[in-house]
Number of protein chains: 2
Amino acid sequence: MSQHRHPGAPGRAGAVPALPDLPEATVARLPEYLRALHALADTGHETVSSEGLANAAGVNSAKLRKDLSHLGSYGTRGVGYDVTLLIEQIESVLGLTQCRSVALVGVGNLGHALAGYDGFASRGFRIAALFDADPSRVGEEINGLVVRHVDELARVAVEESISIGVIATPAPAAQAVADQLVAVGVTSILNFAPCVLSVPEGVDVRKVDLAIELQILSFHEHRKASLTALPGGLAATDTQEAIGT
Amino acid sequence: MSQHRHPGAPGRAGAVPALPDLPEATVARLPEYLRALHALADTGHETVSSEGLANAAGVNSAKLRKDLSHLGSYGTRGVGYDVTLLIEQIESVLGLTQCRSVALVGVGNLGHALAGYDGFASRGFRIAALFDADPSRVGEEINGLVVRHVDELARVAVEESISIGVIATPAPAAQAVADQLVAVGVTSILNFAPCVLSVPEGVDVRKVDLAIELQILSFHEHRKASLTALPGGLAATDTQEAIGT
DNA sequence: AGGCGCTTGTGAAGAGGTGCACAAATCGCG
DNA sequence: CGCGATTTGTGCACCTCTTCACAAGCGCCT
């Protein structure tokens, strides 16, 4: 119930694609499922029920089933999901079957750590190039890669066929870097700089701001402190967060 | 500074606190508004319209107004919002009027960068203690702080009145660390380890997984590639993402 | 003083996501 | 071979969040 993409003649739309137009919330959870599935595969599990996988991924089992149903029917009723098959499907949908090359701009405090983070490589991403605007940093070698000057971005990006750009510069430099990335054809950007990037339509930007995460926690901490200050009443009723047990 | 709220008084009871039970989506955006407001204040602006602030924060102006309206009416029709006043209000709601102490566990690649990240201090958080389980790392000094063994967590946490724990350990160690943090009374955790933490009710966990962000971008990249591969038709219609100009 | 333009605050409609509950499907076993 | 146990896939109701559109409010200018 999912194959009818376009009966026309897309000549080349043969095997993989399908492009099921997934809900954004589902897309955001698929990587988590994928991680849980890899963990299950490593411990020898061949199949897993929606309940089991949902637990491992920290979500509701009905939500998980609905998410997976958007990719097609890859489960067996009464049995569960084939771990290996499901991994293949999710990786295919996420476009992880090819190794994607990442360019990292800004090799300061955070960028340095990102350049050395092995969680990228282990999940199919290759950091292909490092850049910085500071001449004193250019030439430094990190994890087997030499830092180049950001002016070389255009040339190197083509050579290495970069598909994702990561910005780890200070905020004032981020927009200029983003513009350069867009100019060389990068259409996906992960931004660690605490600022809003403006990019043309068709370019995806995801932002990670570490301080914001702390501030959100601070709010909840603040709220909890206020509630427990109340003697009785509605203190206990509305605290339900992360999965318990 | 935690005033109670009357269970049955819909009007505005006290002055500052109110605890307006903000929507979660609003809470997540307030820090972004705060950052934009600080930038405006630094450039000499005394007031700002919802349109202006919304632009600076990268959101829709109606959404911004609704978000702010949840805190109360701090704008002036025909004029806009007083930047300084709004900063104070948001900081108050987020519980940033007091400096919160953070314990960072795991001083590996990423933890090292977090320990040196000045974006925390500049936004009201104090990294009060560093921990690691690796004896060879204990004693190392980072940014003026000495790394202690994780077994000292209980004692130090009380001494430094830690209110937020940050986990930057490898995944296998994360759950044990979380348990220890919870045991010493920490009720807010920021988890960088790629795994699901299980914590008792009343403890908030936020997760940041750098690889997941890349995988989400990978999906969109994959989707865009498939769409442009199709000759005609639905290629142009459904690409709308980050703010454009 | 009065009108005019600008901006906020909000009601209402719509879109999207969540979780329940159950029918349909599959396997294992007697 | 049929039955019961198990688990998926999904219709539906609920809920949160988003967005539009506009009345109410405010300051400024004449």
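We name chains A, B, ... by the order of the sequence lines, and we start the count at 1 in each one.
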Reading nucleotides 23-30 of chain D from 5' to 3' and marking B where a protein heavy atom lies under 4.0 Å of the base, S where only the sugar-phosphate is that close, and - otherwise, the string is BBBSS---
5' to 3', nucleotides 12-18 of chain D under a 4.0 Å protein heavy-atom cut-off (B base, S sugar-phosphate only, - none) gives B----SS
Send over the distance from A/E51 CD to C/dA21 P, rounded to a whole Å.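 That distance rounds to 14 Å.
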Whole angstroms only, please: what is the OH-P distance between B/Y74 and C/dT10?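 About 13 Å, once rounded to whole Å.
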If the condition is salt bridge (Lys or Arg N to Asp or Glu O under 4.0 Å), which residues does A/R65 pass it with, not counting sequence neighbours?
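Scan of A/R65 (salt bridge (Lys or Arg N to Asp or Glu O under 4.0 Å), adjacent residues dropped) gives none.
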Partner set under salt bridge (Lys or Arg N to Asp or Glu O under 4.0 Å) for A/E32, not counting sequence neighbours
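A/R35, B/K207.
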Review point. Taking only residues two or more places apart in sequence or in another chain, which ones pass ring pair (Phe, Tyr, Trp, His ring centres under 6.0 Å) with B/Y33?
Key: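 B/Y33 satisfies ring pair (Phe, Tyr, Trp, His ring centres under 6.0 Å) with no other residue.
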If you compare every side-chain N and O of [X] against the phosphate oxygens of [N] (OP1, OP2), does one of them come in below 4.0 Å?
{"X": "B/S73", "N": "C/dG9", "answer": "yes"}
{"X": "A/Y81", "N": "C/dT26", "answer": "no"}
{"X": "A/N60", "N": "C/dG17", "answer": "no"}

- Message: According to side-chain hydrogen bond (donor to acceptor under 3.5 Å, both in side chains), does anything in residues 77-86 of chain B pair up with another residue at least two apart or in another chain? List the pairs.
- Response: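 As it turns out, there is no side-chain hydrogen bond (donor to acceptor under 3.5 Å, both in side chains) pair with a partner in residues 77-86 of chain B once direct neighbours are skipped.
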For B/D204, is there an ion pair with A/K224 - N to carboxylate O distance below 4.0 angstrom?
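Yes, A/K224 and B/D204 are salt-bridged.
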